[in-house]
Amino acid sequence: MVQPRNASTVVLLRPDEQGGFDILLTRRPETMRFLGGFYVFPGGTVHRDDYSAAMLRRCRHLTGAKARQILGSRHEPDEAIGHWVAVARELFEEVGILLGVTESGAGFEAIDKNTQRRVEQKRQAIVKKQLDFAGFLESENLYCDLSRAIYFDHWVTPDIYSMRFDTRFYAALLPPRQTPLARSEEVTHSLWIKPGEALARMNRRDFPILPPTTTVLHEFSRFASWGHVSTEFKFSREGRDNLP
């Protein structure tokens, strides 16, 4: 039996003007070994660098003890923290969204073009393994705000598969004044879509999608409004700043 690798996946959400909400789906390149060509949520394997000493110094608003408790005491504190860091790192690598704060605690905003260009160059360097996530944060004097990723589910790939993952699922609110990349090295294209609409497309040949993505979509489709989902996940009222 293949031992599953620890992984994290994040459902990124934004409110709409009608009181509803959208979620972000990304399509993986056909060439990818795992779920190539399928629509998924951003995410990936938890790496050792996600809980290195350098990375932990760049984390805010979640202790290792609390992270371990939330995950059912199945990991050591540092490794538990690494699951949240993997959410932030993968979200940044795949679609350029940064769950970050400044030293003063203010949310990260890349408003000017020079900052956007510099941050994007560093994102590409991370993907090419020329820079690690902790080094990027340190170079920008930023910190990972782990409180922005809310844990809500746990799936393990069945043992009949040759590639298995022990995946923790999180929800996160799109930070104000940030826009996901339309495509990247790991994403053919990304799209905002309502959970019910995604489920309605699931039998179409041009919309390949599988569990547990479909199961999570069903879970989110039960929320009738942004108010319901924001209450469930305790998102702040700042979500209204994210209207498209």
* Asked: Quick one: does K234's side chain get under 4.5 Å of I150's, heavy atoms only?
  -> no

* Ring-face cation of R28 near F38 (centre distance under 6.0 Å, axis angle within 45°) -> no

* Asked: Do Y161 and W155 share a hydrophobic cluster, counting only Ile, Leu, Val, Met, Phe, Trp and Tyr and linking them when any side-chain heavy atoms are less than 4.5 Å apart?
  -> no

* Structure fact -> Here the pair of heavy atoms bringing T26 nearest to S190 is CG2-CB, 4.0 Å

* Over 12 non-hydrogen atoms of neighbours within 6.0 angstrom of CZ in R164 -> yes

* Close side-chain approach of T157 to P4, heavy-atom, < 4.5 Å -> no

* Would N6 and E79 count as a side-chain hydrogen bond (donor to acceptor under 3.5 Å, both in side chains) if you check the C-alpha gap in whole Å, the side-chain angles of each, and the deciding distance to 0.1 Å? -> CA-CA 10 Å; N6 292 329; E79 187 179 31; 3.3 Å; yes

* Rounded to the nearest 0.5 Å, how far does CH2 of W192 lie from CD1 of I23? -> 8.5 Å

* To do: Please check if the side chain of T231 supplies one atom and the backbone of G227 the other of a donor-acceptor pair under 3.5 Å.
  => yes

* Asked: Please walk me through it: do Q124 and E185 pass side-chain contact (heavy atoms from CB on, under 4.5 Å)?
  -> CA-CA 8 Å; Q124 293 177 23; E185 300 83 352; 3.7 Å; yes

* Nearest heavy-atom neighbours spanning V46 and S8 -> CG2-OG, 3.9 Å

* Verify the distance criterion only: is there a donor paired with an acceptor across the side chains of D112 and T115 at less than 3.5 Å? => yes

* Asked: So how far is it from R27 CZ to E30 CD, rounded to the nearest 0.5 Å?
  -> 6.0 Å

* Side chain proximity check, F41 to V216, heavy atoms < 4.5 angstrom -> yes

* To do: With rounding to the nearest 0.5 Å, note down the distance linking CZ in R48 to CG in D50.
  => 11.5 Å

* **From OG (S147) to CH2 (W84), nearest 0.5 Å** => 11.5 Å

* Could you tell me whether H228 atom NE2 has more than 12 heavy atoms of other residues or ligands within 6.0 Å of it? => no

* Are side-chain heavy atoms of E138 and R57 found at a separation under 4.5 Å? -> no

* Asked: Checking side-chain hydrogen bond (donor to acceptor under 3.5 Å, both in side chains) for the pair E120/Q116: CA distance, chi angles, key distance, verdict?
  -> CA-CA 6 Å; E120 171 57 16; Q116 292 173 5; over 6 Å; no

* Structure fact -> Separation between CD1 (I70) and OG1 (T63), nearest 0.5 Å, reads 8.0 Å

* To do: Check whether I209 and M32 end up in the same hydrophobic cluster, where Ile, Leu, Val, Met, Phe, Trp and Tyr are linked by side-chain heavy atoms less than 4.5 Å apart.
  => no

* Can you check whether Y143 and F108 have ring centres sitting under 6.0 Å from each other? -> no

* **Close side-chain approach of H61 to L146, heavy-atom, < 4.5 Å** => no

* **With C144, the side chain to side chain contact (heavy atoms under 4.5 Å, CB included) member among R89, M55, R60, R58** => M55

* From CA spacing to verdict: side-chain contact (heavy atoms from CB on, under 4.5 Å), H83, L71 -> CA-CA 9 Å; H83 285 72; L71 298 187; 3.9 Å; yes

* Asked: Are I193 and L181 in one and the same hydrophobic cluster, where Ile, Leu, Val, Met, Phe, Trp and Tyr link if side-chain heavy atoms are under 4.5 Å apart?
  -> no

* Kindly give the heavy-atom pair with the smallest separation between P175 and R148, and that separation in Å. => CB-NH1, 3.7 Å

* Asked: Linking I/L/V/M/F/W/Y whenever any side-chain heavy atoms sit under 4.5 Å apart, do V85 and V127 land together?
  -> no

* Asked: Can Y51 and H75 be said to form a ring-ring contact (aromatic ring centres under 6.0 Å, His included), step by step?
  -> CA-CA 12 Å; Y51 49 97; H75 303 277; 9.2 Å; no

* Asked: Are L99 and F92 close enough, and set up right, to give a side-chain contact (heavy atoms from CB on, under 4.5 Å), and what steps lead you there?
  -> CA-CA 8 Å; L99 304 180; F92 183 60; over 6 Å; no

* To do: Flag the pair L56 / I81 as yes when at least one side-chain heavy-atom distance between them is below 4.5 Å, and no otherwise.
  => yes

* Grab the two heavy atoms, one from G196 and one from S221, that are nearest each other, plus how far apart they are. => N-CB, 4.3 Å

* Structure fact -> On a heavy-atom basis, the closest approach of H154 and V156 is NE2-CG2, 3.8 Å

* **Option from F220, F169, Y170, W226 for which ring pair (Phe, Tyr, Trp, His ring centres under 6.0 Å) with F233 holds** => F220

* Asked: Taking the six-membered ring of F207 as reference, does the NZ or CZ atom of R201 fall below 6.0 Å from its centre and within a 45° cone about the axis?
  -> yes

* Is any side-chain heavy atom of T9 less than 4.5 Å from a side-chain heavy atom of R168? -> no

* E103 versus N141, closest heavy-atom pair with distance -> OE1-ND2, 3.3 Å

* **Heavy-atom side-chain contact between I97 and T179 under 4.5 Å** => no

* Roughly how far, to the nearest 0.5 Å, is CG of L62 from CG of D145? -> 10.0 Å

* Asked: Is there a path from L24 to L98 through hydrophobic residues (I, L, V, M, F, W, Y) whose side chains come within less than 4.5 Å of each other?
  -> yes

* **Evaluation steps, side-chain contact (heavy atoms from CB on, under 4.5 Å), between L217 and Y39** => CA-CA 12 Å; L217 287 170; Y39 283 93; over 6 Å; no

